[in-house]
Amino acid sequence: MVASEAVPFAKTGGLADVIGALPRALAGLGHEVDVVMPRYRGIEAGSPERVITVALGNLMSDARCYVAAGERVRTIFIDHPGYFDRDHLYGANGHDYVDNPERFAFLCQAALNWAAESSTPYDVVHAHDWQAGLVPVLHERMAESSPGLDRLATVFTIHNLAYQGVFDASWLPYLGLGWGLMRVDAMEYWGRVSYLKAGVVFSQLITTVSPRYAQEIQTPELGFGFDGILRERGSDLIGILNGIDYDQWDPERDSNIPRPYHANDLDGKEAAKRELLERYRLPASAEALARPVVGLISRMVDQKGFDLLADIADELPRLGATVVLLGSGERRYEDLWLALATRHPDRVAVHIGFDERLAHLIEAGADLFLMPSRFEPCGLNQMYSLRYGTVPLVRATGGLADTVQNFDAASGSGTGFTFDEYSPQALLGTLRWALGVFIDRRTWRRMQQAGMRQDHSWAASARRYVEVYERAMASRVGV
Ligand code: ADP
């Protein structure tokens with residue numbers, strides 16, 4: 001696998017969780033997986049094993065490869081301080097690093113060189129998101145002259161179509177990729193080039209992270225200009241729901257929460273709620289504990305519904321609930337939420353920043369979890385919520401629609417609350433509805449338990465990926 005981030009080494013979003021977990025799940029099925037990623041600043045893992053020379057156009061430089069070996073899963077860190085020894089992964093102060101096209105072309109080429117020089121051949125290279133989008137196109141060029149690579153099958157996964165790796169076309173000659181790729185059926189994208197498109201066009205099979213999202217991205221509304229090419233490749237596009245990593249996210253063995261709990265004994269959840277309120281310096285009286293806590297953990301951007309939330313911000317403190325938010329993102333949303341918390345210190349509390357431990361405490365301590373996303377390829381937090389008995393309230397889009405079953409008052413069935421229309425009224429109405437149901441403790445308990453008993457482990461998803469790999473391998477050898 002080639003990817004730009006992986007838990008526990010570097011993370012900005014859900015991609016890192018997937019790359020941390022899927023290889024281990026595949027290993028559990030008996031496969032061997034190597035993950036190739038940059039050796040960013042601060043990564044201490046691994047020992048230096050090999051130096052490979054990477055040529056991109058006229059650029060020629062060495063990468064020292066550090067290898068961290070686990071059981072059946074190795075991580076290979078591509079060390080190139082000029083590219084990767086920086087404060088952040090992709091950019092600083094709201095601006096992407098200007099040499100991102102070069103940095104990630106380097107990652108892709110280094111990964112393929114590593115594969116070509118390996119004594120045991122790989123069966124599949126699985127590239128993730130635009131940062132690894134050049135893998136299939138570089139592979140195509142190398143395959144003829146590198147005997148170790150000619151049978152390598154290529155699979156590309158879109159974790160979020162909104163990030164397309166679009167750059168000035170002059171990078172093509174600079175990186176030695178050639179103007180030949182400046183075609184509509186190659187990397188050209190409205191006069192520029194897209195690394196994501198390279199992944200989509202040149203890989204044998206494409207996957208994305210939920211069945212619903214696989215459909216949605218073939219439509220103009222959610223295709224972000226890619227719906228045409230994705231429709232063209234529709235028969236090679238497969239939606240596989242992400243799993244969640246139960247080693248990290250399981251209330252029965254989570255060291256970040258005060259007491260373990262499970263579906264039949266939710267006392268520990270109450271303890272987590274108290275600790276959560278205290279941690280946020282909110283009142284934790286019996287009265288406050290009886291009130292529902294609504295949790296949010298998110299990048300604070302429009303994709304996650306922060307525009308809708310902004311529209312209903314003044315209503316939130318008046319709903320009879322306590323709202324806790326953990327996140328960071330656009331300045332205007334950070335400011336809005338901080339101001340809201342200042343105005344309503346006993347009803348709204350905000351932590352701006354990234355805090356893994358606190359994220360666990362929110363998942364455990366909240367009663368309701370909000371995810372009003374405009375679009376959501378898969379989403380992880382709603383699955384963590386289900387596992388932790390925290391009822392998710394989501395917009396019915398992408399993976400949210402595939403994982404949360406709307407509450408049905410007549411039968412009492414369902415695992416959460418969903419709404420369709422992307423509007424503040426729909427969100428607010430659903431929120432009021434959910435908080436009304438919360439009062440019915442037995443119904444609520446049933447919903448919690450239904451969610452907690454669902455299986456969102458990686459094992460099932462990993463089996464689907466194996467099917468995809470086998471299909472790609474079969475077509476590579478022309479069977
Ligand atoms: P995305 O990848 O689009 O941001 P996902 O729901 O797929 O959204 O994954 C987000 C991941 O990042 C989850 O594991 C979530 O808990 C975590 N996360 C997001 N923001 C924060 C934060 N401020 N602090 C801690 N974890 C966060």
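Counting convention: from 1, in listed order, for ligands and their atoms alike. Remember, it's a predicted structure, so these values are computed and weren't measured experimentally.
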Are any of the heavy atoms in C378 under 4.0 Å away from ligand 1?
no

Less than 3.5 Å between some nitrogen or oxygen of E356 and one of ligand 1, yes or no?
no

Give a yes or no on whether R41 atom CZ has more than 12 heavy-atom contacts from other residues, nucleotides or ligands under 6.0 Å away.
yes

Is ligand 1 under 4.0 Å from a heavy atom in the side chain of D17, in the backbone, in both, or in neither?
side chain

T157 and H126: side-chain donor and acceptor closer than 3.5 Å?
yes

Best match, N381, L326, L358: closest heavy atom to atom 16 (O) of ligand 1
N381

Side chain or backbone, does A359 bring an N or O within less than 3.5 Å of an N or O on ligand 1?
no

Is it true that R395 and E376 have a side-chain N and a carboxylate O under 4.0 angstrom from each other?
no

Checking contacts here: is it the side chain or the backbone of D355 that comes within 4.0 Å of ligand 1, counting heavy atoms only? Could be both or neither.
backbone

H159 near ligand 1 by a heavy-atom separation under 4.0 Å
no

Under a 3.5 Å threshold, yes or no: a donor from one side chain and an acceptor from the other, between Y90 and E5?
yes

Among L393, T415, T403, the one residue meeting side-chain contact (heavy atoms from CB on, under 4.5 Å) with Q382:
T403

Test of proximity, R299 against ligand 1: N or O pairs below 3.5 Å:
yes

Starting from atom 7 (O) of ligand 1, what is the nearest protein heavy atom, named by residue and atom, and what distance separates them?
L380 N, 3.5 Å

Does R374 come within less than 4.0 Å of D302, counting only side-chain N to carboxylate O?
no

Touching ligand 1 at all, E363? Heavy atoms, strictly under 4.0 Å?
no

Does the residue G353 have a heavy-atom contact with ligand 1, meaning some pair of atoms that are separated by less than 4.0 Å?
yes

Indicate yes or no: does R332 engage D335 in a salt bridge with an N to O separation below 4.0 Å.
no

Under 3.5 Å: N/O of N160 near N/O of ligand 1
no

Electrostatic pair R471-D236, nearest N-O below 4.0 angstrom
yes

Checking a contact table here: which protein heavy atom is nearest atom 18 (N) of ligand 1, and how many Å away?
F354 CE1, 3.7 Å

Protein heavy-atom partner closest to atom 10 (C) of ligand 1 - residue, atom, separation in Å:
G14 N, 4.0 Å

Nitrogen or oxygen of G13 less than 3.5 angstrom from that of ligand 1:
no

Looking at D85 and R39, is any side-chain nitrogen of the basic one under 4.0 Å from a carboxylate oxygen of the acidic one?
no

Check ion pair D355-R279 (N to O, under 4.0 angstrom)
yes

For G327, atoms of ligand 1 separated by under 4.0 Å from a heavy atom:
23 (N)

